[in-house]
Asker: 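Okay, handing you the structure first.
Letters A, B, ... are given to chains in the order of the sequence lines, protein chains preceding strands, and every chain is numbered from 1.
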There are 2 protein chains.
Amino acid sequence: MARRAESIELAVLGLLHEGPMHGYELRKRLNLMLGWGRVLSYGSLYPTLKKMLKGALIEELAPSLTPVSRRPKIVYQVTPAGTTEFERLMADIGPAAWEDDNFGIRFAFFGRTDMEIRLRVLEGRRSRLQERLDRVQSQLSMTEKEVDRYSAELQRHGVESAEREVQWLSDLINAERSRAGSTPPPATQN
Amino acid sequence: MARRAESIELAVLGLLHEGPMHGYELRKRLNLMLGWGRVLSYGSLYPTLKKMLKGALIEELAPSLTPVSRRPKIVYQVTPAGTTEFERLMADIGPAAWEDDNFGIRFAFFGRTDMEIRLRVLEGRRSRLQERLDRVQSQLSMTEKEVDRYSAELQRHGVESAEREVQWLSDLINAERSRAGSTPPPATQN
DNA sequence: TCGCGGATATATCGCTACGATACGTCGCAT
DNA sequence: ATGCGACGTATCGTAGCGATATATCCGCGA
């Protein structure tokens, strides 16, 4: 249940880790990192924040030093419980971790996990994409009637993008590996 | 209202134009063309089909020539009204036409519109992407604190993908334009 | 020849999360 | 002095998604 919501929680925790913020700013940052496709709506963010408050993962920061600012600007910060939860979520790899939305968020916070986790997430993501690619390729090949020019171009472009993404992941994986290796073997292909 | 639903309608009409189909097959084809991100669920498809039946955009094809097939396989085909609607939707350019989901579908059916429409949709899509790109760039530059290594890499990759997409669109636009030109330059590669 | 698993096929329902919208404050441009 | 756009919090209706139920067909091994 609520797979998207889970990833929002992770993102909020991660962002608050670099300093207290209020909802509006959180949303902007979130949209920048989720960025490319969909945006996060207030209808999702505020309820999530409420839920996290109730769960004591975050708390409201002491308000206005600036004396009487009429309308409350609610600034949130993580609690120790929130930190624990963040670490738990980051370490919790598994199919959900490399789904489209989740992957981006986890990746953005890679700096706060260890290499073992990073590698597993990157590899999981890569095989997820590879698997999609294979499925499309096979479906394409078993299509009897030849396709329309434009449809074909769309397919081609999609496949190309996915392949590029796979390459990107491979490069990242190699980079991680070589950073770890005591004896980095020079000729490791792919 | 119901922007996604509208695009499903368009896709269904377009697909049925290349021959009668039943829901299951429709879904497969749809997922192949929407393909890259989300899949279309039955919970969306069947209600849409019902709605289109009621609107007389499609109709059930005469059933079993094969005598007593117990469970009905419902095969749909477009009505003349459906064809009209398809043409109307394809010609209806405007912001909605170059949103992520819609664009792909329209593109896939470019073979059934004229060049003027194609160009406008391609250009609309390109400026949509360009605009996103600019927004990210400016937000990036106005960020005071320098970002984490991984976050930066994620941004970089996102920007690169978007730029590649813009390039793709530009190439397509040029191709359309040169096809229009009275003097077709002989060296058309690809 | 039976039966089992998997692909094909239609259908519905609960619930989530998104779009729309409302409301309020601040600053600055005209 | 007022209008406009950015900042900021909040809620609500409902579209549509995931899960699930149900049923048929077919290939394959035992």
Side-chain angles (χ1 to χ4, degrees), chain A residues 1-12 20-32 34 37-54 58 60-61 63-64 66-76 95-96 99-102 135 138-139 142, chain B residues 1-12 20-32 34 37-54 58 60-61 63-64 66-76 95-96 99-102 135 138-139 142:
Chain A
M1 61 200 78
R3 259 213 351 290
R4 183 84 200 273
E6 224 176 80
S7 86
I8 293 176
E9 261 186 52
L10 177 60
V12 168
M21 264 180 251
H22 44 236
Y24 191 83
E25 199 178 348
L26 228 25
R27 190 182 102 118
K28 272 198 312 185
R29 297 289 312 268
L30 248 14
N31 285 342
L32 193 54
L34 270 315
R38 293 289 131 230
V39 297
L40 178 68
S41 92
Y42 292 122
S44 306
L45 177 59
Y46 283 112
T48 300
L49 287 175
K50 291 253 172 85
K51 220 185 63 178
M52 291 173 75
L53 267 180
K54 246 186 17 190
I58 58 176
E60 292 183 23
L61 191 55
S64 52
T66 334
V68 260
S69 70
R70 213 98 56 165
R71 195 149 204 262
K73 286 193 191 185
I74 306 173
V75 177
Y76 298 97
E99 273 321 302
D100 294 324
D101 284 341
N102 278 14
R135 209 137 71 65
S138 77
Q139 269 171 313
M142 96 172 83
Chain B
M1 60 199 78
R3 261 218 344 297
R4 184 84 200 273
E6 225 176 80
S7 87
I8 295 177
E9 263 186 51
L10 178 59
V12 167
M21 263 180 252
H22 43 233
Y24 190 83
E25 199 178 348
L26 230 23
R27 189 180 103 118
K28 273 197 312 183
R29 299 288 312 268
L30 248 14
N31 285 343
L32 192 54
L34 271 315
R38 292 290 132 229
V39 295
L40 177 68
S41 90
Y42 291 122
S44 307
L45 177 59
Y46 282 112
T48 299
L49 287 175
K50 291 252 173 86
K51 220 185 62 178
M52 292 173 75
L53 267 181
K54 247 185 15 189
I58 57 175
E60 293 183 22
L61 190 56
S64 51
T66 334
V68 262
S69 71
R70 212 97 56 162
R71 196 155 203 255
K73 286 194 187 182
I74 306 174
V75 177
Y76 298 98
E99 274 320 304
D100 293 324
D101 283 343
N102 278 12
R135 209 136 74 64
S138 79
Q139 269 171 312
M142 96 172 83

Asker: Are OP1 or OP2 of C:dT12 and a side-chain N or O of B:Lys50 less than 4.0 angstrom apart?
Answerer: yes
Asker: Which comes earlier along DNA chain C counting from the 5' end, the contact point of B:Ser44 or that of B:Glu25, where each point is its nearest nucleotide?
Answerer: B:Glu25
Asker: Should A:Arg27 and A:Leu45 count as side-chain neighbours, where that means a heavy-atom distance under 4.5 Å?
Answerer: yes
Asker: To the nearest Å, how far apart are A:Lys51 NZ and D:dA10 C1'?
Answerer: 18 Å
Asker: With sugar-phosphate meaning primed atoms plus P, OP1 and OP2, does A:Gly23 contact a base, only sugar-phosphate, or nothing at under 4.0 Å between heavy atoms?
Answerer: sugar-phosphate
Asker: Rounded to the nearest Å, what distance is computed from the CG atom of residue B:Leu61 to the P atom of nucleotide C:dT10?
Answerer: 13 Å
Asker: Rounded to the Å, how far apart are A:Arg27 CZ and C:dA20 P?
Answerer: 12 Å
Asker: Whole angstrom is fine here: how far is it from CD in A:Glu60 over to C1' in D:dA10?
Answerer: 14 Å
Asker: Are A:Tyr76 and A:Leu49 side-chain neighbours, meaning at least one heavy-atom pair lies under 4.5 Å?
Answerer: yes
Asker: For B:Leu45 and D:dA15, what is the distance between atoms CG and P respectively, to the nearest whole Å?
Answerer: 17 Å
Asker: List every contact pair, protein side and nucleotides 4-7 of chain D side both N or O, where the distance is under 3.5 Å.
Answerer:
from	atom 1	to	atom 2	distance (Å)
D:dC7	OP2	A:Tyr24	OH	3.3

Asker: With rounding to the nearest 0.5 angstrom, report the CG to CG distance, B:Leu26 to B:Leu40.
Answerer: 9.0 Å
Asker: Mind checking the CG-OG spacing from A:Asp100 to A:Ser7? Nearest 0.5 Å is all I need.
Answerer: 11.0 Å
Asker: Just the rounded figure in Å: distance from P of D:dG16 to CD of B:Glu9.
Answerer: 10 Å
Asker: Given C:dT10, C:dC18, D:dA10, identify the nucleotide with an atom nearest to the side chain of B:Tyr42.
Answerer: C:dT10
Asker: If the condition is side-chain contact (heavy atoms from CB on, under 4.5 Å), which residues does A:Pro47 pass it with, not counting sequence neighbours?
Answerer: none
Asker: Measure the distance from CD on B:Glu99 to P on C:dC18 and round it to the nearest whole Å.
Answerer: 15 Å
Asker: Applying ring-ring contact (aromatic ring centres under 6.0 Å, His included), can you list everything that pairs with B:Tyr42, at least two apart in sequence or on another chain?
Answerer: B:Tyr46
Asker: Does B:Tyr46 place a side-chain N or O at less than 4.0 Å from the phosphate oxygens OP1/OP2 of C:dT10?
Answerer: yes
Asker: Which atom names give the shortest non-hydrogen contact between B:Val12 and B:Leu30, and what distance separates them?
Answerer: CG2-CD2, 4.3 Å
Asker: Would you kindly give the CG-to-C1' distance between A:Leu53 and D:dT9, to the nearest whole Å?
Answerer: 13 Å
